[in-house]
Each structure stands twice: as C-alpha cells, then as structure tokens.
**Student:** 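Okay, here's the structure, questions in a sec.
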Amino acid sequence: MTSTRPIRVLLVDDHAVVRAGYRRFLEHNRAMEVVGEASTSDEAYRLYRELRPDVVVMDISLPGASGIEATRRIVALESRARVLIFSMHAQPAFARQALEAGATGFLTKDTEPEALVQAVYAAANGRRTLSPRVAELLALDNVRPGERRLDALTPREFEVCRLLLAALSIDEIADELNLSPKTIANRLSEIRQKLDVRSDVDLVRLATGAGLVPWASLPGLNDGPVP
C-alpha cells in the first residue's frame, strides 16, 4: 500500500447499526475509507467484484451462507484479496476454516478498537493478524488432536456442514450455495465418510463437541463423549 490514498474498506455484517459503528470508527482515521457495506455473503461477493476494496472486514454469522463461504468465493475470484474476519466466534474450528478459505486475519469482537485499525493496516499490507484470544485457543487446540476432526473438511464442505447444523434442508442448502440438491446430498455423504460418522445425529454430536452448535452450551446438551 502507498500513503497517497486511504485504505478502501468493505464492511460485511448483517446488523446495520454495527456496520455504522465500524464505519464511524474506521473513518475517524483519515487513512481509511469505507467504500461499501454488505449484509449477506452474496452481497459481499457482488460488492467486492464491483468495488475491489483493499480490505474486507467480514463477519462469519450472516443470513444463509457464512462469511467463511464469502471469503472462499472472494479469494477464488482474486487470490490477492485481503479479508479480515471480525467475529464473535472464537472456536478454533471457525478460525482454521476461515484461514484455510484465504482470510488474512481473524479477530474476535471483544478485541480493542485500536487493534481492529492495526489489523486493517496489516491486512492491507498482506500481513496476518490473529487476536490474542484466537491465537491462544489455536495453540491449546493443537495439543488436542482428537478434537480437530473437522479440519479434514474443505471450507466448502465445512459450509455445507454448518448449514445442516443450522437445520436447513438439502434443498435449502442447495439454494444458499447455488448447487443442485444431488450435489449437496453427495457432499454430505462425503462429509460423513471423512469424519467417520454414521448419521447426522453423530455429526451433530461431533460438531457440538467442537463448539459449532449454537445451543450446545445449554445444560445437559453436551454431556457424554463425542464419538
């Protein structure tokens, strides 16, 4: 990046109030300019194609396809794209899948505001940034290889799995990912084989153990070993 123009940023979050807050904060620094806002994965991809921003600040939790899927599509379009994940999700599985999809960095939303600014600068210059919480969780997770079975999935397979866990049907998953229901059914079969699970119930139990199921923290729902 040169110092002759501001860093052009695309904000992706499904909450307009949150985006407005990010915009005010980032543009308070005159070296940054928010050139667009998106609330869905498809909109993020479309605006990236139109605007070609220097950095995308991307949430994971979006309606339908996630920010990880949006990241995968953007990086497939432009290998030099800089996508900074800024999310409430700190689970190692999310961080590893986002980085595998091509994200330049991963910060959690409890990060200090100034750290977000520095991460945008770093991303614009091709440097990777992990928030301390994410870095610590990834380091701890590396010593528990038995809990990393979901790493066998590609980012696209992870997205299919995530949408299934969100209680979407095969037809609904196909609509979200612009694929045929037959392709999704085949992907789910391949996912079960990769993860060595016999049914969707076993898949849910595995995902619960990895902290990927939103209601997994409720009492009594995460009891017992994950197969």
Side-chain angles (χ1 to χ4, degrees), residues 7 9-29 32 34 37-41 44 53-63 65-72 74-75 81-144 147-148 150-151 153 155 158-159 161-162 165-166 207-218 222:
I7 297 171
V9 179
L10 171 63
L11 296 177
V12 185
D13 194 292
D14 63 332
H15 294 96
V17 172
V18 173
R19 295 196 308 271
Y22 295 163
R23 175 186 282 271
R24 285 194 299 271
F25 183 78
L26 292 175
E27 290 189 335
H28 182 72
N29 185 319
M32 296 181 186
V34 176
E37 299 181 19
S39 61
T40 68
S41 176
D54 300 311
V55 178
V56 182
V57 177
M58 178 82 71
D59 193 10
I60 287 180
S61 297
L62 302 173
S66 74
I68 294 176
E69 174 66 8
T71 299
R72 186 197 67 78
I74 288 170
V75 173
R82 312 300 189 191
V83 181
L84 176 65
I85 300 294
F86 192 52
S87 174
M88 62 178 287
H89 296 289
Q91 293 91 336
F94 279 115
R96 284 193 296 268
Q97 287 292 335
L99 297 173
E100 180 68 22
T104 305
F106 195 111
L107 274 69
T108 53
K109 288 185 176 179
D110 58 0
T111 302
E112 291 294 326
E114 186 58 34
L116 174 60
V117 171
Q118 294 303 317
V120 171
Y121 275 120
N125 288 281
R127 299 194 306 273
R128 176 164 290 182
T129 302
L130 296 177
S131 66
R133 183 182 178 196
V134 170
E136 180 182 7
L137 289 173
L138 284 172
L140 290 172
D141 206 54
N142 284 334
V143 302
R144 298 192 295 261
E147 298 183 18
R148 295 185 54 180
L150 290 168
D151 287 1
L153 303 181
F158 185 84
E159 184 69 6
C161 181
R162 190 194 67 82
L165 295 169
T208 299
L212 303 187
V213 181
W215 36 259
S217 61
L218 294 176
N222 195 22

**Student:** Just jot down the ring-ring contact (aromatic ring centres under 6.0 Å, His included) partners of F106, sequence neighbours excluded, or say none.
**Tutor:**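 F106 satisfies ring-ring contact (aromatic ring centres under 6.0 Å, His included) with no residue once adjacent residues are dropped.
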**Student:** If you take all heavy atoms of A103 and T71, which pair is closest and at what distance?
**Tutor:**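 In this case the closest contact between A103 and T71 is N-CG2, 3.7 Å.
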**Student:** Tell me, do V55 and Y121 make a side-chain contact under 4.5 Å, heavy atoms counted?
**Tutor:**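 When only atoms from C-beta onward are counted, Y121 and V55 do not touch, as no gap falls below 4.5 Å.
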**Student:** Check A65 against S41 and note the closest heavy-atom contact, atom names and distance.
**Tutor:**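 Minimum heavy-atom separation between A65 and S41: O-CB, 3.5 Å.
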**Student:** Measuring from Q91:CD to R96:CZ, what's the distance to the nearest 0.5 Å?
**Tutor:**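 If we round to the nearest 0.5 Å, Q91:CD and R96:CZ are 11.0 Å apart.
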**Student:** Report, as yes or no, whether the 6.0 Å neighbourhood of atom CD on E37 holds more than 12 heavy atoms from other residues, nucleotides or ligands.
**Tutor:**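 Yes.
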**Student:** If we check side chain to side chain contact (heavy atoms under 4.5 Å, CB included) with V134, which of these qualifies: L107, L99, T108?
**Tutor:**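 Looking at L107, L99, T108, the match for V134 under the side chain to side chain contact (heavy atoms under 4.5 Å, CB included) is T108.
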**Student:** Is R133 salt-bridged to E136, cutoff N-O under 4.0 Å?
**Tutor:**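 The answer is no: the pair does not qualify as a salt bridge.
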**Student:** Are any of the side-chain heavy atoms of L11 and L26 separated by less than 4.5 Å?
**Tutor:**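 When only atoms from C-beta onward are counted, L26 and L11 do touch, with a gap below 4.5 Å.
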**Student:** Any chance you could measure Q97, atom CD, to R162, atom CZ, to the nearest 0.5 Å?
**Tutor:**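 Here the interatomic distance stands at 11.5 Å.
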**Student:** Does V120 reach the side chain of L84, with side-chain heavy atoms less than 4.5 Å apart?
**Tutor:**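 Heavy-atom side-chain distance check passes, below 4.5 Å.
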**Student:** Which atoms form the tightest heavy-atom contact between A98 and I85, and what is the distance?
**Tutor:**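 So the minimum-distance heavy-atom pair works out to CB-CG1, 3.9 Å.
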**Student:** How long is the gap from CG on D14 to OG on S39, to the nearest 0.5 Å?
**Tutor:**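 Answer rounded to 0.5 Å: 7.0 Å.
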**Student:** Sort out for me which residue in D59, L62, T40, I60 forms a side chain to side chain contact (heavy atoms under 4.5 Å, CB included) with V12.
**Tutor:**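 So, applying the side chain to side chain contact (heavy atoms under 4.5 Å, CB included) to V12 and each of D59, L62, T40, I60, only L62 qualifies.
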**Student:** State, to 0.1 Å, how close H89 and S61 come at their nearest heavy-atom pair, and which atoms those are.
**Tutor:**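 In terms of heavy atoms, the two residues are closest at NE2-OG, 2.7 Å.
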**Student:** Got a donor-acceptor contact below 3.5 angstrom from the E27 side chain to the V34 backbone?
**Tutor:**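 Looks like yes, one N/O pair under 3.5 Å.
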**Student:** Provide the closest heavy-atom pair for I68 versus F158 in the form atom of the first, atom of the second, distance.
**Tutor:**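 Taking every non-hydrogen atom into account, CD1-CE2, 4.0 Å.
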**Student:** So, taking the atom named CG in N29 and the one named CD in E114, what distance separates them when rounded to the nearest 0.5 Å?
**Tutor:**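 Spacing of CG (N29) from CD (E114) equals 7.5 Å.
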**Student:** Does some side-chain heavy atom of K109 sit less than 4.5 Å from a side-chain heavy atom of D13?
**Tutor:**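 Yes, their side chains come closer than 4.5 Å.
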**Student:** Do I74 and M58 come close enough that some side-chain heavy atom pair is under 4.5 Å?
**Tutor:**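 The answer is yes, as the side chains (C-beta and beyond) meet within the 4.5 Å cut-off.
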**Student:** Provide the closest heavy-atom pair for R82 versus T104 in the form atom of the first, atom of the second, distance.
**Tutor:**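 The pair with the smallest heavy-atom distance is CA-OG1, 3.4 Å.
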